[in-house]
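Atoms within each ligand, like the ligands themselves, are counted from 1 in listed order. When reading the values below, keep in mind they use all heavy atoms of this one structure, side chains included, and skip hydrogens, waters and symmetry mates. By convention here, the first residue in the shown sequence is residue 1. All figures in this text were calculated on a predicted structure; none of them were measured in a lab.
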Amino acid sequence: MKTTEFSLIDQYFKNRTWHRDDVLLGIGDDAAVTRVPPDFDLLSAVDTLVEGVHFPADTAPFDIGFKALAVNLSDLAAMGAEPAWATLALTLPDINESWLQSFSDGFFSLAQRYNVQLIGGDTTQGPLSITVQVMGLSRQDRALTRAGASAGDRVMLSGCVGDAALALRMLHGGIEPQVTVASERRQLLDRLNRPMPRIELGLALRGIASAAIDVSDGLAADLGHILAASNTGATLQLDKVPVSDTLRRLGSPLFEALAMGGGDDYELCFTVPGEKLAELEKVRRQLKINVTEIGEIDKQQGLRVQRDGVSIEINQPGYQHFSQS
Ligand code: ADP
Ligand code: MG
């Protein structure tokens, strides 16, 4: 790959990136040089997408590029950080110019929207795998974390959940005949392939949310991480969990399984003390974003789920690599 490796990097990455003033040296040297403003903290997140594991082999390259950055930006959103820089480690089976063009189109469409500069990376040959690291900035000691929820705080969720997992089931067959409307199918696939990171919401939640996480592995599992980190429990109202009309129509047991356990939605789940709810309402109106109260933090450890006020059992551990089943 060595012969065309450098021209490839120039053509599809170096020459296409968005530029920021705080990058003193970007792609082309042994390391990038960036400047963190005084009184800011640097936040970093990294995620790998492997073909066949994180996306089906026939996923459009534009969507792969878009999603590889989106899932990372979602982690910054959950921390209330402002995105700044990214690196990209790309393992490709071969050099396919049209694939690279579409992949970088997808990547940079999102990078530009959030003012992210690609500052470096690595290019190797092998089975298709994409690793993106993003770095963001947050005023000193102001980052939102998973720890910080306390009894009485409300549990909130942006947008709706379950559609990405529903799209995956649709692709794998089984439920397609029930989802008959083509426009609905397209919408579901969009939720799976082009998740929009909740950057603006994450930034607005600083000073309002007591804890936050992005929903990548499923609501029950990810809320569970907030509870564990905060040393609290929660009671969640299943009938309040926002889902699309499509998922609601499909009913039990798909509704419960995907609302509580469906991953890949990249919405924000966060907790808010009662006295901050009015401020949250302002944010909701300003950003024109759906935010739904789905439960409450309590002292008793663990997650309890109720439907119409009656306790029900759920068994949704969320997606885990290396798990047996
Ligand atoms: P080195 O051998 O010093 O690690 P490389 O030859 O791997 O450097 O890369 C040359 C330059 O191109 C470096 O600045 C590196 O960060 C950048 N780069 C390599 N691959 C990518 C990529 N896929 N996207 C963005 N930048 C890349
Ligand atoms: Mg070097």
Side-chain angles (χ1 to χ4, degrees), residues 1-37 40 42-77 79 81-137 193-197 199 216 266:
M1 201 156 181
K2 211 67 191 171
T3 48
T4 51
E5 181 188 333
F6 296 111
S7 54
L8 175 158
I9 294 166
D10 281 0
Q11 186 177 347
Y12 295 106
F13 300 108
K14 187 179 179 191
N15 296 340
R16 301 205 56 191
T17 190
W18 178 258
H19 290 276
R20 292 173 57 101
D21 291 343
D22 53 11
V23 177
L24 310 182
L25 207 46
I27 293 172
D29 215 309
D30 290 314
V33 182
T34 55
R35 188 151 290 171
V36 180
F40 277 76
L42 174 67
L43 289 88
S44 313
V46 63
D47 262 309
T48 296
L49 300 189
V50 176
E51 183 180 63
V53 179
H54 301 94
F55 58 90
D58 57 0
T59 304
F62 184 101
D63 293 342
I64 300 171
F66 187 98
K67 189 165 179 178
L69 182 58
V71 301
N72 278 285
L73 290 179
S74 176
D75 284 322
L76 288 187
M79 304 292 291
E82 192 184 318
W85 313 305
T87 58
L88 168 67
L90 200 51
T91 303
L92 302 169
D94 48 37
I95 292 181
N96 176 334
E97 304 262 343
S98 76
W99 191 95
L100 278 163
Q101 182 66 40
S102 303
F103 172 86
S104 54
D105 282 349
F107 184 94
F108 287 116
S109 69
L110 197 57
Q112 180 154 354
R113 178 174 173 135
Y114 289 109
N115 194 18
V116 172
Q117 181 168 346
L118 182 65
I119 56 169
D122 197 22
T123 307
T124 51
Q125 189 166 24
L128 182 60
S129 160
I130 301 106
T131 298
V132 173
Q133 181 189 29
V134 291
M135 288 141 280
L137 301 167
N193 292 325
R194 305 220 189 140
M196 263 320 217
I199 293 291
S216 53
Y266 302 100

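Here the CG-OG1 distance, from Leu90 to Thr124, works out to 7.5 Å after rounding to the nearest 0.5 Å. A distance of 11.0 Å separates CD in Glu51 from CG in Leu49, rounded to the nearest 0.5 Å.
No donor-acceptor distance shorter than 3.5 angstrom exists from the side chain of Ser74 to the backbone of Ala70, with no hydrogens or angles considered.
Which parts of ligand 1 touch Asp29 is read off a 4.0 Å heavy-atom cut-off, strictly below it: atoms 13 (C), 14 (O).
The shortest N or O to N or O distance between Leu118 and ligand 1 is not under 3.5 Å. Of the N or O atoms in Gly121, one or more lie within a sub-3.5 Å distance of an N or O in ligand 1.
Each of Ile27, Thr34, Val23 was compared with Gln117 under the side-chain contact (heavy atoms from CB on, under 4.5 Å) criterion, and only Val23 meets it. Applying the side-chain contact (heavy atoms from CB on, under 4.5 Å) test between Ile130 and each of Leu92, Thr48, Leu88 identifies Leu88 as the sole match.
At a heavy-atom cutoff of 4.0 Å, ligand 1 is contacted by the side chain of Ile9 but not by its backbone.
Of all the listed residues (Ile27, Val132, Leu25, Thr123), Ile27 holds the heavy atom that lies closest to atom 12 (O) of ligand 1. Here the shortest heavy-atom distance to atom 21 (C) of ligand 1, taken over Leu100, Ile130, Asp122, belongs to Asp122.
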